[in-house]
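Below is one structure, written out as structure tokens; comments come after it.
Per chain, numbering begins at 1; letters A, B, ... match sequence-line order. Below, all heavy atoms of this structure are taken into account, side chains as well, without hydrogens, waters or symmetry copies.
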Amino acid sequence: MSSANSAKRAHKPFALVDCDNFYVSCERVFAPKLRNRPVVVLSNNDGCIISRSAEAKALDIKMGAPLHHITALIKSANVAVCSSNYALYGDMSERVKQTLKQFSPEIEMYSIDEAFLRLPANPELTLCASDIHQRVLRWTGIPVSIGIGETKTLAKVASRIAKTSPSRVCNAFEQTSLEQTSLERIDRDKLLAETPVTKIWGIGKRHGTWLKAQGITTALQLRDINDEQIRRRAGVLGLRTVWELRGRSCLPLTMTIPTRKGVTCSRSFGRRTRNREQLREALATYAARVGEKIRRDGSAAGALTVFLMTNRFSNEPQYSKSALLTINPPSDDEKTLIQLALAGFERIYNANYRYQKAGVTLTDLTPINEVQTDLFPPSQTSRAPEKRETNTTQNAAEHSKSLSHILDSLNTTHGAGTIRYAATGIDKPWRMRSNYRSPCYTTHWSDLPLIPTLY
DNA sequence: TCTGGGGTCCTAGGACCC
DNA sequence: TCTGGGGTCCTAGGACCC
């Protein structure tokens with residue numbers, strides 16, 4: 001089969017730069033005592049493991065393992081445990097991005113810990129990748145692995161191999177027109193043969209199981225599958241993955257941040273609750289938070305969804321319900337969003353269940369300055385006495401909107417939650433757990449690391 | 001007692017409307 | 001001989017990603 005060789009070759013290689021054990025690496029930058037020992041970072045609510053150091057992986061601690069399942073091992077192996085600290089990780093991610101921009105203006109931050117780069121065609125690709133590795137490590141303290149290929153999917157495959165390579169680089173780009181000088185270039189068929197089909201970007205559990213049933217267990221076999229067969233089963237997305245494995249680039253670099261379709265804030269509670277007031281407080285809090293997010297983006301929401309659910313792992317009766325409310329005209333106003341969330345809550349609340357999780361989603365987002373105002377506002381059609389009243393109503397709406405922005409600036413300057421609506425609660429007994437939280441070393445003045453005086 | 005959160009895209013059935 | 005059909009909205013869930 002020569003499809004890999006006959007496929008049209010992309011002009012410039014894609015590199016995937018992937019931070020190693022990113023959250024653990026961030027924690028280690030400012031806490032050297034965490035180096036050379038097993039470390040794990042927990043999900044929100046201190047629920048399960050979402051990042052592991054190499055030492056923790058060696059202990060066979062699994063990704064996604066619930067903390068309470070491995071408490072004995074944590075203790076016996078002296079594993080350091082951190083709650084997640086997204087303010088720190090987001091800031092470190094930005095530093096990595098700024099460093100990578102030195103190497104190519106064509107960069108896509110794909111996730112908090114991964115970036116695709118389009119590198120200039122260069123006979124010394126492997127050397128260039130080593131430079132990237134060195135500089136990111138020196139400037140940010142974060143170790144990265146780098147995979148290179150004709151397509152994003154091939155770069156991903158290569159980056160997985162890079163993780164186990166001493167140089168942390170795997171170059172799978174087939175350079176025909178350029179002089180190949182690197183000794184590290186890998187035979188791509190061999191690379192694909194070593195990659196289990198379930199490790200390919202875009203192939204999840206379900207499709208992986210089906211492929212195995214067809215006798216397809218490696219990336220090499222998937223690359224050579226019949227187009228129609230994969231399209232029928234996995235749709236155009238599956239077909240695209242196969243073409244990408246053949247070296248035909250279907251997924252371009254997206255350098256502009258796509259406008260978001262929706263924004264969600266949802267949390268599991270510290271403990272299950274059926275308490276109406278607590279649930280209202282939680283939902284008001286989540287509504288306030290999504291409001292903050294869209295105001296930061298300069299968007300207004302045209303719809304709000306609120307949802308409640310019971311614990312899916314328990315034997316208790318299950319209940320999961322959502323309510324969608326339209327916001328007309330679209331708004332970013334905190335008070336409006338809180339009121340709608342609470343109205344939605346009243347539609348779905350059932351006191352017979354204990355709830356584990358709740359959330360608020362905003363959708364139909366439009367730029368705030370493009371929001372259509374009402375074509376026939378009451379003030380234009382009503383007579384004088386009513387006119388005064390509607391003006392008052394409109395003023396109240398304007399007032400409330402600017403109030404939201406004042407809240408934002410106060411909370412930005414003086415810390416989150418400085419000023420907030422009383423509906424969001426005071427004690428918040430439903431709040432999630434976060435018992436092992438590290439300081440916000442890089443984003444809070446009060447958390448700046450201090451260097452002790454030595455004399 | 002204890003099992004994350006935030007996304008995108010797709011499908012599918014029922015209600016409802018013209 | 002014959003039970004229309006095409007659109008949107010809502011809700012729910014599946015599949016995938018980090």
Counting just side-chain N and O atoms, does [X] come under 4.0 Å of either OP1 or OP2 of [N]?
{"X": "R260(A)", "N": "dG6(B)", "answer": "no"}
{"X": "K321(A)", "N": "dA12(C)", "answer": "yes"}
{"X": "S268(A)", "N": "dT3(B)", "answer": "no"}
{"X": "K261(A)", "N": "dC9(B)", "answer": "yes"}

Would you indicate what [X] reaches in the nucleic acid, counting non-hydrogen atoms under 4.0 angstrom: base, sugar-phosphate, or nothing?
{"X": "S322(A)", "value": "sugar-phosphate"}
{"X": "I203(A)", "value": "sugar-phosphate"}
{"X": "L325(A)", "value": "nothing"}
{"X": "K156(A)", "value": "sugar-phosphate"}
{"X": "R233(A)", "value": "nothing"}

What integer distance in Å separates [X]:[atom1] from [N]:[atom2]?
{"X": "H68(A)", "N": "dT3(B)", "atom1": "NE2", "atom2": "C1'", "answer": "6 Å"}
{"X": "L324(A)", "N": "dT8(C)", "atom1": "CG", "atom2": "P", "answer": "17 Å"}
{"X": "M309(A)", "N": "dT11(C)", "atom1": "CE", "atom2": "C1'", "answer": "13 Å"}
{"X": "L251(A)", "N": "dC18(C)", "atom1": "CG", "atom2": "P", "answer": "13 Å"}
{"X": "F307(A)", "N": "dG13(C)", "atom1": "CZ", "atom2": "P", "answer": "13 Å"}
{"X": "F313(A)", "N": "dC2(B)", "atom1": "CZ", "atom2": "P", "answer": "12 Å"}
{"X": "I348(A)", "N": "dA12(C)", "atom1": "CD1", "atom2": "P", "answer": "9 Å"}

Closest to the [X] side chain: [options]?
{"X": "K205(A)", "options": "dC2(B), dG7(B), dC16(C)", "result": "dC16(C)"}
{"X": "R312(A)", "options": "dC18(C), dG4(B), dT3(B)", "result": "dG4(B)"}
{"X": "W201(A)", "options": "dT8(B), dT3(B), dC18(C)", "result": "dC18(C)"}
{"X": "K293(A)", "options": "dG6(B), dC17(C), dA15(C)", "result": "dG6(B)"}
{"X": "Y86(A)", "options": "dT8(B), dC17(C), dG4(B)", "result": "dG4(B)"}
{"X": "P66(A)", "options": "dT3(B), dG7(B), dC17(C)", "result": "dT3(B)"}
{"X": "H207(A)", "options": "dA15(C), dC2(B), dG4(B)", "result": "dA15(C)"}
{"X": "Q356(A)", "options": "dC18(C), dG5(B), dT3(B)", "result": "dT3(B)"}
{"X": "R206(A)", "options": "dG6(B), dC16(C), dC18(C)", "result": "dC16(C)"}

Under 3.5 Å: donor-acceptor pair, side chain of Q318(A), backbone of N311(A):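 Checking the backbone N and O of N311(A) against the side chain of Q318(A), a donor-acceptor pair under 3.5 Å is found.
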Classify the ring geometry of Y286(A) against F269(A): parallel below 30°, tilted from 30° to 60°, perpendicular beyond 60°.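 Geometry flag for F269(A) against Y286(A): parallel rings.
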Using the six-membered ring wherever Trp is involved, compare the ring planes of Y110(A) and W201(A) and label them parallel, tilted or perpendicular (cut-offs 30° and 60°). perpendicular
Residue whose closest nucleotide on DNA chain B lies nearer the 5' end, G262(A) versus C48(A):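 Counting from the 5' end, the first nearest nucleotide belongs to C48(A).
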Reading DNA chain B from 5' onward, which residue's closest nucleotide shows up sooner: T264(A) or L237(A)? T264(A)
With rounding to the nearest 0.5 angstrom, report the OG1 to CG distance, T305(A) to L324(A). 4.0 Å
Do NZ/NE/NH1/NH2 and the carboxylate oxygens of D227(A) and R231(A) come within less than 4.0 Å? no
State plainly whether the residues E150(A) and R248(A) are in salt-bridge range, i.e. N to O under 4.0 Å. no
Between Y23(A) and Y86(A), is the ring centre distance below 6.0 Å? yes
dG14(B) versus dG4(C) - spacing of their P atoms, nearest Å: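 Here dG14(B) and dG4(C) have their P atoms 16 Å from each other.
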Pairing nucleotide - dC10(C), Watson-Crick or G-U, each distance under 3.5 Å: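 Pairing partner, where one exists within any strand: dG13(B).
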